[in-house]
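Just below is one structure, and these are the notes that go with it.
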Amino acid sequence: MHPFVMAALGGALIGLSASLYLWSHGKVAGISGLLGALFVPRTDDKPARASFLLGLVIAGVALQAFAPQVFGSGAVASLGVVAVAGLLVGFGTRLGNGCTSGHGICGITRLSMRSILATGTFIAAGVATVATLRFVQGGN
């Protein structure tokens, strides 16, 4: 299947799942918010949140099993770099009061100015990080 079709299909499925979650639960499908609420003692919809997140993991594992070529040729960074990057993403998510899924997928489609600005900031930070790492490493 052509990569453009795969990307369009993936985007459609993400949009459909976010729309269904909003329609059925009345809440934005921000992954960081779903995950963070699992650790809050008084959250009343933990099963729905956990199910959504579990579905993401199961879909990834199934895709890895049936179409491993879509994940590329392997890791491009060490485990330490990935761990630091994960911590920075988590810090940025808390600082931005949401993640790329919440702001980028759900917020922008609702024309939220806060989400538009947050997503622009995420993209700019990602571009600056990649450019800096490539400059420091002397790579391409």
Side-chain angles (χ1 to χ4, degrees):
M1 188 178 295
H2 192 277
F4 178 79
V5 174
M6 291 284 288
L9 183 61
L13 289 173
I14 291 170
L16 178 64
S17 65
S19 298
L20 285 174
Y21 191 79
L22 180 62
W23 176 71
S24 64
H25 292 81
K27 295 181 180 172
V28 171
I31 305 306
S32 63
L34 290 170
L35 181 62
L38 291 178
F39 300 102
V40 175
R42 292 177 299 196
T43 304
D44 58 347
D45 58 348
K46 284 184 181 181
R49 293 172 182 267
S51 297
F52 192 94
L53 295 171
L54 185 62
L56 290 176
V57 173
I58 289 172
V61 170
L63 191 58
Q64 174 66 33
F66 295 111
Q69 71 277 5
V70 299
F71 288 97
S73 60
V76 294
S78 68
L79 186 59
V81 170
V82 172
V84 170
L87 289 173
L88 289 173
V89 167
F91 177 74
T93 297
R94 298 306 292 172
L95 188 64
N97 199 23
C99 60
T100 51
S101 60
H103 283 302
I105 297 169
C106 302
I108 288 179
T109 56
R110 293 182 303 134
L111 301 178
S112 165
M113 185 54 66
R114 182 178 78 150
S115 292
I116 292 169
L117 292 173
T119 304
T121 303
F122 297 155
I123 292 170
V127 168
T129 301
V130 169
T132 301
L133 286 175
R134 288 190 175 180
F135 176 76
V136 169
Q137 293 175 343
N140 44 20

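Treat the numbers as computed from the prediction; the structure is a model and nothing was measured.
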Co-membership, hydrophobic cluster, residues [X] and [Y], 4.5 Å side-chain:
{"X": "L35", "Y": "V28", "value": "no"}
{"X": "L20", "Y": "I14", "value": "no"}
{"X": "I123", "Y": "F91", "value": "no"}

Within this structure, what is the [atom1]-[atom2] distance for the pair [X] and [Y], rounded to the nearest 0.5 Å?
{"X": "I108", "Y": "L117", "atom1": "CD1", "atom2": "CG", "value": "9.5 Å"}
{"X": "I105", "Y": "S115", "atom1": "CD1", "atom2": "OG", "value": "11.0 Å"}
{"X": "F52", "Y": "L38", "atom1": "CZ", "atom2": "CG", "value": "12.0 Å"}
{"X": "L34", "Y": "K46", "atom1": "CG", "atom2": "NZ", "value": "13.0 Å"}
{"X": "T93", "Y": "F122", "atom1": "OG1", "atom2": "CZ", "value": "6.0 Å"}

Heavy-atom pair with the smallest gap, counting every atom of S101 and A29: OG-O, 3.8 Å
Contact summary for P68 and A65, nearest pair of heavy atoms: CD-O, 4.2 Å
Heavy atoms from other residues, nucleotides or ligands near CG of L79 exceed 12 (cutoff 6.0 Å): no
L53 and I31, any side-chain heavy atoms less than 4.5 Å apart: yes
Apart from V84 itself, residues in the same hydrophobic cluster as defined by side-chain heavy atoms under 4.5 Å: L88
Side chain of [X], backbone of [Y]: donor and acceptor closer than 3.5 Å?
{"X": "R49", "Y": "G33", "result": "yes"}
{"X": "T119", "Y": "I116", "result": "no"}
{"X": "H103", "Y": "G96", "result": "yes"}

Let me have the donor-acceptor pairs involving side chains of residues 3-12, under 3.5 Å, with sequence neighbours excluded, atom names and distances please.
none

